[in-house]
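In what follows, a structure is listed as structure tokens, so that the remarks can point back to it.
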Protein chains: 2
Amino acid sequence: MTTEWLRDSLGGAGHRVTGPRLAVWSVVAGTPHLTAEEIAQVVRDTDPTVNLSSVYRSLSLFAELGLVRESSLDTGGPSHWELAHADEQFHMRCRSCGKVEHHHGDLVERVVGHLTNDHGFIVEQVDLLVTGLCSECSRSQSPSARPSRSR
Amino acid sequence: MTTEWLRDSLGGAGHRVTGPRLAVWSVVAGTPHLTAEEIAQVVRDTDPTVNLSSVYRSLSLFAELGLVRESSLDTGGPSHWELAHADEQFHMRCRSCGKVEHHHGDLVERVVGHLTNDHGFIVEQVDLLVTGLCSECSRSQSPSARPSRSR
DNA sequence: GCTTTATTGCGAGCTTCTCGCAATTGAGAT
DNA sequence: ATCTCAATTGCGAGAAGCTCGCAATAAAGC
Ligand SMILES: [Mn+2]
Ligand SMILES: [Mn+2]
Ligand SMILES: [Zn+2]
Ligand SMILES: [Zn+2]
């Protein structure tokens with residue numbers, strides 16, 4: 001299914017279809033926002049011989065081919081990887097429970113239009129990360145521990 | 001001037017005003033988007049005894065106090081530091097010349113309003129990074145080397 | 001099957017950032 | 001002005017995340 005999609009993308013660009021690449025692909029396609037290390041762990045549940053370097057190399061290749069996207073969801077921490085999705089699909093991360101959700105808004109399209117038309121800036125990628133407290137966590141947090149945005 | 005602002009923030013929170021902190025502060029206040037290493041280099045032009053660890057410790061403290069902001073402008077690379085500014089002030093980075101510009105739009109305010117009102121998400125921080133080609137670089141690039149956004 | 005060469009596992013190594021600890025120093029008290 | 005003492009610093013070691021060189025392996029075309 002999605003595996004065919006990978007085979008075509010690799011073959012079309014003259015790259016080989018290998019065990020490590022298929023394994024990494026199925027993990028990335030199955031769960032978004034994992035780190036390379038986490039992906040490697042899941043891959044090794046099935047095939048313990050796959051090396052972490054190969055996970056990194058597969059991810060880099062997929063990113064070059066436009067199949068996956070690398071995001072820094074925590075500054076200074078490891079990158080998170082997922083299937084490529086439109087920029088409009090942005091990230092909301094809860095500081096309390098760590099959950100990362102996707103949210104779709106027309107806002108990103110609008111800023112792209114503005115920058116393109118009024119500033120001559122050719123947009124290639126948009127990364128929007130909103131950090132805060134999700135609705136569940138905000139209910140269970142003590143009100144005093146609820147910081148507000150600077151205005 | 002801005003040094004007084006730092007003295008008050010530090011003193012008010014029971015922290016000491018020290019040479020390394022003042023030095024780091026003046027660099028960060030003078031030039032935005034430097035890395036810790038770059039800040040250390042500039043600091044050492046004046047005082048070669050300041051250690052890189054102290055630069056990191058100063059920056060972390062300033063961030064805790066809400067005085068500076070840490071951004072990951074390149075995934076996987078070092079963090080960039082700058083005086084805290086409103087989330088509405090977002091980043092445009094040119095892939096070709098590396099220049100980082102600020103741009104202000106009401107778009108961020110709008111998404112914050114939407115998430116707050118319709119999704120019960122308490123927004124604490126927004127990071128928006130637009131990557132592409134600035135107007136100068138897009139003029140001088142060969143048209144064939146001008147990738148377009150996936151739609 | 002055989003050949004070619006892209007890919008892999010492995011280890012070493014690089015970059016960015018953190019930490020423990022002894023020496024130093026800021027700031028309030030005298 | 002000096003004293004006191006915890007906060008801070010410089011320094012070295014080291015952790016975490018990622019990259020690279022190289023010999024061994026294994027896709028893909030013939
Ligand atoms: Mn995502
Ligand atoms: Mn900025
Ligand atoms: Zn939550
Ligand atoms: Zn440019």
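Note on naming: letters A, B, ... go to the chains in the order of the sequence lines (proteins, then strands), and numbering restarts at 1 for each one.
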Under 3.5 Å side-chain donor-acceptor pair for A/H102 and A/E82: yes

Base C/dT5 paired with A/R16 side chain (donor-acceptor, <3.5 Å): yes

Plane angle bin for B/F90 and B/H103 - parallel if under 30°, tilted between 30 and 60°, otherwise perpendicular: tilted

Closest approach of B/D127 to B/Q125 (non-hydrogen atoms, all atoms of both residues): OD2-NE2, 3.1 Å

Expected output: side-chain B/R93 to main-chain B/V130 donor-acceptor under 3.5 Å: no

Check: B/H80 ring centroid to B/H91 ring centroid under 6.0 Å: no

Spacing between A/D74 atom CG and C/dT16 atom C1', to the nearest angstrom: 15 Å

B/M92 reachable from B/L129 in the ILVMFWY side-chain graph, under 4.5 Å edges: no

Side chain to side chain, B/F62 and B/R21, heavy atoms closer than 4.5 Å: yes

Rounded interatomic separation in angstrom, taking CG from A/L10 and P from D/dG29: 13 Å

d(CG, A/L73; P, D/dG17) in whole Å: 14 Å

Between P of D/dT8 and CG of B/L22, the distance in whole Å: 13 Å

Length of the CZ-C1' vector between A/R21 and C/dA6, whole Å: 8 Å

Check: B/V28 and B/L59 side chains under 4.5 Å, non-hydrogen atoms: yes

Sugar-phosphate, base or nothing in reach of A/T35, heavy atoms under 4.0 Å: nothing

Flag side-chain contact, heavy atom, 4.5 Å: A/C97 against A/C134: yes

D/dT8 phosphate, OP1 or OP2, under 4.0 Å from B/H15 side-chain N/O: yes

Whole-Å distance separating the NE2 atom of B/H80 from the C1' atom of C/dC17: 14 Å

Contact list for DNA chain D against residues 37-60 of chain B - heavy-atom distance below 4.0 Å: B/T49, B/V50, B/N51, B/S53, B/S54, B/R57

Side-chain N or O of B/T18 closer than 4.0 Å to phosphate OP1/OP2 of D/dA7: no

Nearest-nucleotide comparison on DNA chain C, the residue closer to the 5′ end among B/G19 and B/P78: B/P78

Relative orientation of the end axes in the helix from C/dG1-D/dC30 to C/dT30-D/dA1, expressed as an angle to the nearest 10° (five pairs per end): 40°

